[in-house]
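So you know, we letter chains A, B, ... as the sequences are listed, proteins then strands, and number each from 1.
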Amino acid sequence: MHKLDPEKRLALLAEEARKRQAQASREDVPTLRIVMSTCGLAAGAAETRAAFEEALERRGLEARIVAVGCLGHCYAEPLVVIHHPASGFPPLCYYNIDPGKARMLVDSFLLDGDPALEYVLGAMVPNDLLPAVTDFPRFSMEQRVVMEHCGAIDPHSLDDYLALGGYGALATALGRSPGWVLDEVARSGLRGRGGAGFPTGRKWRLAAEAPADSKVVICNADEGDPGAYMDRTIMESNPHQLLEGMALCAYAVGAEEAIVYVRAEYPLAVRTIQRAIDDARKAGLLGERILGSDFSLHIRVFQGSGAFVCGEETALIQSIEGRRGMPQHRPPYPVEAGLWGRPTVVNNVKTLSTVPAILTRGAHWFRSIGTEKSPGTAIFSVVGNVTHAGLVEIPMGTTLRTLIFDVCGGIPKKKAFKAVQIGGPSGGCLSGDFLDTSIDFDSLTEAGAMMGSGGMVVMDEDSCMVDVARYFLDFTQNESCGKCTFCRIGTRHLLLILDRITKGEGREEDLELLDTLSRDIRDGSLCGLGKTAPNPVLTSLRYFRDEYEAHVREKRCPALKCRALTAFYIDLDKCARGCDACVGCCPVEAIFTTRGRKKAIDQELCVKCGECVTACPPEYDAVVRVSPAHLAPIIERPQPSEGRG
Amino acid sequence: MIALDVDGRTIQVEAGITVLEACLQNGIFIPNLCFVKTRKRPHASCRLCFVEIDGLDRPVPSCTQRVRDGMKVRTDTEPVRRLQRSAFKLLMSTHICTPRECPTQGRCQLIRTAKLLKVSLKPSPLERLERDVDPVVRLGPLVHYPYRCVLCGRCVHVCGEESGHGLLTFAKRGFNTVVATFVSEGEEGPCAECSACVGVCPTGALTLEAPETAESEEPGRAADSGG
Amino acid sequence: MKDDARLSEEETMLRSIEAMLPRFEKNRAQLIPILQAIQEEHQYLSREAMRLVADYLEISPSEVLGVATFYNQFRFHPPGRHQIKVCLGTACHVAGGDIILENFERKLGIREGETTPDREYSVERVACVGCCALAPVAVVDDKVIGHMQPSKIEGLFLQFDLQREQEKAREAGEEADAQAGS
């Protein structure tokens with residue numbers, strides 16, 4: 001039989017893929033790309049899609065609907081990109097498309113050719129007719145390496161990935177040698193995107209040189225950091241890029257088995273990646289003798305069962321072995337003795353997904369992005385009190401200020417910036433003084449935060465830093481595996497102390513105790529979870545000490561957030577006689593009518609949910625929140641007889 | 001045999017053992033709870049056996065370090081003692097037992113540790129923590145006192161890995177972790193009453209004897225009597 | 001005392017578990033996938049189910065208990081017909097996720113982790129479902145709902161009530177039909 005080299009085989013596959021694509025899309029048929037990753041669905045993308053389908057059928061129109069992954073613009077979900085070649089417009093990106101707007105778009109744009117520009121975010125490509133999204137800072141200041149094709153291609157279509165040159169890096173590598181991959185990755189300076197930033201090239205080299213018959217590659221997609229979801233997005237939007245990265249890693253280190261460890265809480269990601277594995281195997285891109293070479297690789301999915309600590313590599317391995325996910329003392333490191341005692345490379349989704357681009361475009365190109373010690377891009381999920389929340393991929397070295405204010409549009413509702421929490425439960429809260437910090441592994445660690453998995457929560461003046469620290473400790477003590485003394489018992493003490501501070505029962509000596517105990521937990525814990533668990537406390541104590549002091553000394557929450565320290569009351573001068581807006585919304589019937597037929601709040605019953613603030617018409621704006629709680633004036637509920645009279 | 005320097009004293013030990021074993025063999029006491037010689041990989045969970053070793057910038061658990069010829073070890077530096085005292089206080093904030101009722105008759109590792117660290121058995125400045133456990137629990141034929149248990153895992157190890165019975169396990173997670181069994185009360189299960197687990201328990205939290213008197217079953221009162 | 005209906009329900013479940021076990025390799029590494037498959041099918045892990053798994057994998061049932069109780073995913077009691085999960089990730093916390101949880105708890109008269117006595121609803125908190133830009137988020141019967149508000153909770157229960165009434169009406173109708181037919 002005629003033997004082809006891997007690159008030629010791949011070229012044939014890509015050629016076929018392009019042919020199939022050409023057959024599927026006709027020039028005269030409009031294409032609707034609907035973002036249907038988990039966040040799109042949460043925003044109602046499935047209902048939007050159903051509305052489009054129904055309207056198209058009713059009008060007897062033909063259109064191709066493609067479910068795509070996430071564009072990263074979560075603030076604008078549900079997002080739809082409509083390409084209607086016959087209209088003369090370039091592909092247009094529509095935002096916040098609910099079923100009503102979907103039906104309207106079918107009538108006005110697809111039927112009558114009027115693109116309804118008021119719902120357009122921008123054109124997808126530069127053109128003469130209207131502004132393109134690529135000119136907006138949210139797009140133009142990003143630099144997409146990992147997320148380049150996210151939201152543009154159909155994640156369930158291997159053809160889409162092949163047509164873009166997918167699996168090209170793997171084919172090239174197979175034609176060269178594992179050493180070439182190792183050298184190139186080492187030269188690129190890529191550092192692990194899972195948080196600690198260990199040089200990927202060095203990790204792979206250690207695994208490659210470890211003497212063993214069989215080795216394993218594990219993709220860590222156990223994205224447990226609350227507030228980070230880029231790994232999920234990458235798997236849901238471009239799964240083949242990750243698989244190609246895993247194949248390259250396996251080839252480089254000499255592994256024939258690989259596992260994607262995905263949280264079971266991400267069902268769509270699990271399904272998407274499983275389908276991609278099956279498709280790639282059928283096409284000969286995974287499995288035995290890949291692309292006709294001597295390299296074989298079997299990838300399977302393992303679903304994590306919900307334990308944050310399993311993001312730690314030794315705990316993750318324990319869990320695959322069917323044990324309690326408790327971290328093990330290192331050394332030995334997994335690259336020496338990991339899963340079933342075999343050398344094991346554990347890499348994050350982002351790290352592995354970066355590799356195909358590095359090999360295609362070269363280590364030199366990768367080094368030209370980012371900073372010297374942290375080359376490449378960083379992906380953050382920027383959420384919280386920020387205008388354009390979502391996923392952002394920026395070159396390393398960008399400042400926090402640029403990211404938050406220029407790329408993501410700053411703080412909404414004219415509120416002031418207070419803090420940014422980076423790195424989730426392991427990271428820290430940085431104050432406004434740090435906005436000019438460069439985003440890279442070393443600068444963030446130096447400031448007391450850490451890159452972590454890329455969760456970034458922006459907080460405005462209404463966020464209480466003590467409450468945020470308490471939140472994170474609640475999380476970590478809940479997720480502690482319970483193995484070592486410092487983490488199991490120490491984080492519980494931290495939580496209890498923070499709890500009493502936010503309830504106004506804090507003592508003067510608590511601040512000192514928080515500080516020393518945090519340091520001991522940091523220095524004494526067994527694994528990374530415990531060592532970093534006190535970071536939210538240490539950083540907030542350092543940068544927002546005045547807030548702690550206000551809680552302890554004055555029983556006052558400056559941000560008016562801690563419920564035990566605040567109270568709501570209705571300003572009788574502003575309250576409108578006869579208005580009932582707040583009464584119905586109160587879940588505990590704490591609002592009553594005063595003798596003067598205005599409204600007041602029964603402080604005994606009030607649960608401080610804040611619903612009445614939302615319900616009070618803005619022209620009155622009569623609900624006031626105060627801290628300490630005793631500042632709220634007490635208004636007696638009129639006796640039933642008085643009320644009636 | 002190789003030689004190492006511990007607190008200025010030279011000791012001769014066989015190669016391949018841990019620093020903790022080397023010290024214990026030579027009469028140098030380092031507090032420890034979770035160490036079991038037969039473990040393939042150090043458990044390193046109790047966080048008491050810290051030492052400083054020349055060349056390492058911070059204290060490390062001595063059960064995780066193999067001896068090397070010429071190694072210099074310090075067991076009583078301030079950073080070591082700080083971590084040990086802190087870990088000890090944390091353990092004592094969940095350990096409810098008094099020397100008077102201690103079933104180990106003075107062999108309790110915690111009492112010995114308190115003496116070495118020159119601290120009281122009280123957890124202050126930390127508060128005593130409530131745990132959602134019963135004072136006395138039957139684990140097959142065994143009687144377990146969760147308030148005495150420090151979750152060192154020795155019993156789970158000897159029962160599972162060493163004797164292969166598999167009666168005992170850790171259950172739940174985090175602060176709620178307990179030593180437990182699938183076997184229901186009164187049932188023997190896979191236990192051979194070899195009492196290996198009783199023998200390795202450093203705090204007298206496991207016995208094969210009938211439950212103790214009512215007094216010790218009330219942790220609240222026992223706690224008030226002080227340590 | 002368990003009533004007969006529940007008993008036979010459990011027996012049916014155990015038999016179906018026994019039937020599915022041979023799909024899996026007899027290997028310790030299959031423990032978590034097996035437990036996941038059982039829960040997927042039957043919503044929870046009963047004591048006897050865990051014993052079956054231990055026997056199948058030839059490990060001690062204590063080990064199965066130890067592993068199952070370690071992970072958040074596994075439940076040991078049957079959940080409600082409608083499962084409500086309130087996200088308490090960071091973004092949801094900042095956006096008032098705890099108030100959403102409280103509203104569910106108050107509305108149903110149960111605490112998180114519990115099931116209503118009629119086994120209609122159960123409420124739990126989850127760490128993060130990864131829809132942070134839509135905070136606060138709740139997951140109701142596997143459907144993620146973004147931008148939760150107390151008023152949306154009211155709407156949700158109205159919908160469930162309506163659904164139940166329709167079901168009842170349909171059942172009553174069917175019964176009437178059956179009677180008319182006989």
Which of the residues A:G490, A:C527, A:C484 is involved in the greatest number of heavy-atom pairs with chain B at under 4.5 angstrom? A:C484
For B:P125 and A:L513, which heavy atoms make the closest approach, and how far apart are they? CG-CD1, 3.8 Å
What's the verdict on side chain to side chain contact (heavy atoms under 4.5 Å, CB included) for B:H43 and A:H329, showing C-alpha distance, side-chain angles and the deciding distance? CA-CA 7 Å; B:H43 200 53; A:H329 177 78; over 6 Å; no
With a 4.5 Å limit on heavy-atom distance, are the side chains of A:M326 and B:F170 in contact? yes
Roughly how far, to the nearest 0.5 Å, is CG of B:L83 from CG of A:D520? 6.0 Å
Taking side chain as everything from C-beta outward and backbone as N, CA, C, O, which of these in B:E127 sits under 4.5 Å from a heavy atom of chain A? Side chain, backbone, both or neither. both
Heavy-atom pair with the smallest gap, counting every atom of B:S93 and A:H493: OG-NE2, 2.8 Å
Tell me, do B:L126 and A:L517 make a side-chain contact under 4.5 Å, heavy atoms counted? yes
Using 0.5 Å steps for rounding, measure from the SG atom of B:C46 to the CZ atom of A:F486. 10.0 Å
Using side-chain heavy atoms (C-beta onward) and a distance below 4.5 Å, is B:R173 in contact with A:E479? yes
Proximal component of B:K172, with respect to chain A [non-hydrogen, under 4.5 Å]: backbone
Measure distances from A:T516 to the heavy atoms of chain B and classify the residue's part below 4.5 Å as side chain, backbone, both or neither. neither
Under 3.5 Å, side chain of B:R47 to main-chain N/O of A:T485, donor-acceptor pair present? no
Beyond-backbone contact of A:Q328 with B:P42, side-chain heavy atoms, under 4.5 angstrom: no
Whatever's closer than 4.5 Å to a heavy atom in chain B on A:R488 counts as both
Look at atom CG of A:D213 and say whether more than 12 heavy atoms of other residues, nucleotides or ligands are closer to it than 6.0 Å. no
Bottom line for B:R58: the part with an atom under 4.5 Å from chain A's heavy atoms is side chain
Heavy-atom distance under 4.5 Å to chain A: side chain of B:T94, backbone, both or neither? side chain
Sequence neighbours left out, cut at 3.5 Å: what donor-acceptor pairs do the side chains of residues 150-158 of chain B make with other protein atoms?
from, atom 1, to, atom 2, distance (Å)
B:R154, NE, B:L33, O, 2.6
B:R154, NE, B:F35, O, 3.3
B:R154, NH1, B:V200, O, 3.0
B:R154, NH2, B:N32, OD1, 3.4
B:R154, NH2, B:L33, O, 3.1
B:R154, NH2, B:F35, O, 3.4
B:H157, NE2, B:T38, OG1, 3.0

Pairs of donor and acceptor atoms involving the side chains of residues 445-453 of chain A, under 3.5 Å and at least two apart or interchain, shall be tabulated with distances.
from, atom 1, to, atom 2, distance (Å)
A:T445, OG1, A:F441, O, 2.7
A:S453, OG, A:D225, OD2, 2.7

Expected output: side-chain B:R41 to main-chain A:P332 donor-acceptor under 3.5 Å: yes
Expected contact set for residues 495-503 of chain A against chain B at heavy-atom separation under 4.5 Å reads A:L496, A:R500
Who in residues 175-184 of chain B is close to chain A, using a strict under-4.5 Å heavy-atom cut-off? B:F175, B:T177
Value for CG (A:D523) from OG (B:S86), rounded to nearest 0.5 Å, stands at 9.5 Å
